Number of protein chains: 2
Amino acid sequence: MTETTTVRDRLDGSARFIYEPVLDGLDRVIGNLGDLAENSGVPRDMVSHVVEGGGKLVRPTITLLAGALRQGEEERIVKMATAVELLHIASLIHDDTVDHSEKRRGRATVSRLWGDDMAVLLGDYVFAASATFVCDTGNIRVVRRFAETIMELARGELTERVSKHDWSQTSADYERRIYDKTASLICTAAESGGVLSGAPEEETQALRSFGYNVGMAFQIVDDVLDFTSSEEELGKPVGNDLLQGTLTLPALLFAGSHPDEAVVRRLRDGSREESDLTTMVEFIRNSSAIDETMAQLEGYRNAARAAVATLPDARARQSLDALVDYLAQRRN
Amino acid sequence: MTETTTVRDRLDGSARFIYEPVLDGLDRVIGNLGDLAENSGVPRDMVSHVVEGGGKLVRPTITLLAGALRQGEEERIVKMATAVELLHIASLIHDDTVDHSEKRRGRATVSRLWGDDMAVLLGDYVFAASATFVCDTGNIRVVRRFAETIMELARGELTERVSKHDWSQTSADYERRIYDKTASLICTAAESGGVLSGAPEEETQALRSFGYNVGMAFQIVDDVLDFTSSEEELGKPVGNDLLQGTLTLPALLFAGSHPDEAVVRRLRDGSREESDLTTMVEFIRNSSAIDETMAQLEGYRNAARAAVATLPDARARQSLDALVDYLAQRRN
């Protein structure tokens, strides 16, 4: 009898089907994360806190599933999956720090517990630790892709900040930003599973396309829910993104199709008045911009499924197909 | 006529001899840094500000010199040198942020100009950019060593913070910390030049030893000067490290050899009184702990020179030899 929680214990029925083919690999990923806390040379409680955050391990699961299309859980695919999760953790540490968030997954954030300065340095440490796991794969292509992904994550966060309240940005700017911020890492998670399992290039590109499209859809779902959900479900005000100045697809589509609406004019002229922003949120909620956004979301979902359909007919493929709905379904 | 400053223009006589064999390579490094500002996709002025900081480019110079022992400035050695400088820049951005520094090399810091949050994200971006340059070398050994170096840099800063005012730390703890914080990157700068120029393993290890020892000496010089220099020269109070709680070798040696001194007892018992700290600074300044520290410094300098002496007899070797004094000579 041990107190260690395996991934199995965390899963309910619907997720179980998706994770099933790679449960052993995920336990090995969790083991790697635990080892990092033990042997890091930095305060153990800090590292433990972040690697035992209890997330859903979606990104490493994607890497393991992509790798499992061709073979079992080879060590280097487990290393890559560990790297992918660590990179996600590192970026959350810095995001929570710069966003001054107090909680993450129901627990206090690193910056809340140990201060912003320690959070910056711990995030750096975890970024670098993730890179050492990628190096363990011995594959320079995935190492390079991984480094680019870190650049893209940072660029996405930077761009989101500098483009606040900037109504001159286009849907294309939005797409680039959510690729950087969200889709890039999911794309890398999927692609690397293909590269490391020796998949032919066509299959690796299909995995990349799956990751790209499911990642874009995942972020768009979030951005739509910010308008269509309730304050109770969101745990923050409806339209919070817009209230904070972050312009997502529904807002950009509405502004584009209502150039003469008074509130749109005022916002374009630089207004950051709360009354204008709350009016805009209400307008968007009740506009066709939501449906148009959902139509784009459906496009990404279809593209993800189409990519999956070209993959080898393995049990892991069924999991990847089920992941499209699991990650990118409108949840209300 | 162009306004671009080449490295040549920045050098005075003594440095000129050291940099001479790799001036063209350094210009190419500067070119790479400039390209990053042009093509980054993040605000150009932010990237320009950090890559045009006007440092002495010591670390890339070491990589280029190490590589020049065997061959000319091959493209991948220039890429590696660029990565080394970018990593140094990234770590300075985060250090200045967590230290709340207002100036760096006479110019406002990123966090001062654009805020701490942007500085965290820009630092992440530059860390990742440095990693992409290492990947361009195509050599997994240097990529891995580079990732470990980022971990060590972050661990060094973390440890320095958590060990403030901790009088139970030993000289060995101090050595580990300054290796992480300072020597690791210089060591990597030298070693990677050997690996990428195809040096035999023995020569690469000698370069590593040179980098390690010169890096340790470089930091110890700084730590001694903090006690022996004047406020005018330092631009901060004499003994500032100790006043801030950072225990360096002179302080640890003095405390170790004066266990019964009243102020040492009070500090060990947890005093952080300014009067105790200033008394301690005065005691250390006038004690043999300074000479003992200088003796250890001399040991590192000698070890660095001994390592250089085993290298191939090339012009670049003379530069590496001269670098020992240039970087690690007591400057007052």
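These numbers come from a predicted model, not from an experiment. The chains referred to below are lettered A, B, ... by the order of the sequence lines, with proteins before strands, and numbering in each begins at 1.
Annotation: maximal heavy-atom pairing with chain B below 4.5 Å, among A/I150, A/V134, A/I140, occurs at A/I140. Heavy-atom pairs under 4.5 Å with chain B were tallied for A/A128, A/G115, A/A90; the largest tally goes to A/A128. Interface check for chain A: of the options B/L153, B/L158, B/V126, the most heavy-atom pairs under 4.5 Å are formed by B/L158. For the options B/C135, B/P43, B/G138, heavy-atom pairs under 4.5 Å to chain A are most numerous at B/C135.
The distance from the CG atom of A/L122 to the CE atom of A/M46 is 4.5 Å, given to the nearest 0.5 Å.
Shown here for B/P60 and B/V29, the closest heavy-atom pair between the two residues is CB-CG1, 4.5 Å. Here the closest heavy-atom approach between residue B/I77 and residue B/G67 is recorded as CD1-CA, 3.8 Å. Contact detail for B/I89 and B/V51: the closest heavy-atom pair is CD1-CA, 4.1 Å. Pairing each heavy atom of A/V84 with each of A/A189, the nearest pair is CG1-CB, 3.9 Å. Of all the heavy atoms in B/A66 and B/G193, the pair that sits closest is CB-CA, 3.9 Å.
By the side chain to side chain contact (heavy atoms under 4.5 Å, CB included) test, A/A190 pairs with A/I62, A/L207, A/F210, sequence neighbours left out.
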Could you work out all donor-acceptor pairs shorter than 3.5 Å where one atom is in chain B and the other in chain A?
from, atom 1, to, atom 2, distance (Å)
B/H94, ND1, A/D124, OD1, 3.0
B/H94, ND1, A/D124, OD2, 2.7
B/H100, NE2, A/D117, OD2, 3.1
B/D117, OD2, A/H100, NE2, 3.1
B/D124, OD1, A/H94, ND1, 2.9
B/D124, OD2, A/H94, ND1, 2.7
B/T132, O, A/R144, NH1, 3.1
B/D136, OD1, A/R144, NH1, 2.2
B/R144, NH1, A/T132, O, 3.1
B/R144, NH1, A/D136, OD1, 2.2

Full working for side chain to side chain contact (heavy atoms under 4.5 Å, CB included) between A/M216 and A/I178: CA-CA 7 Å; A/M216 296 295 280; A/I178 69 170; 3.6 Å; yes

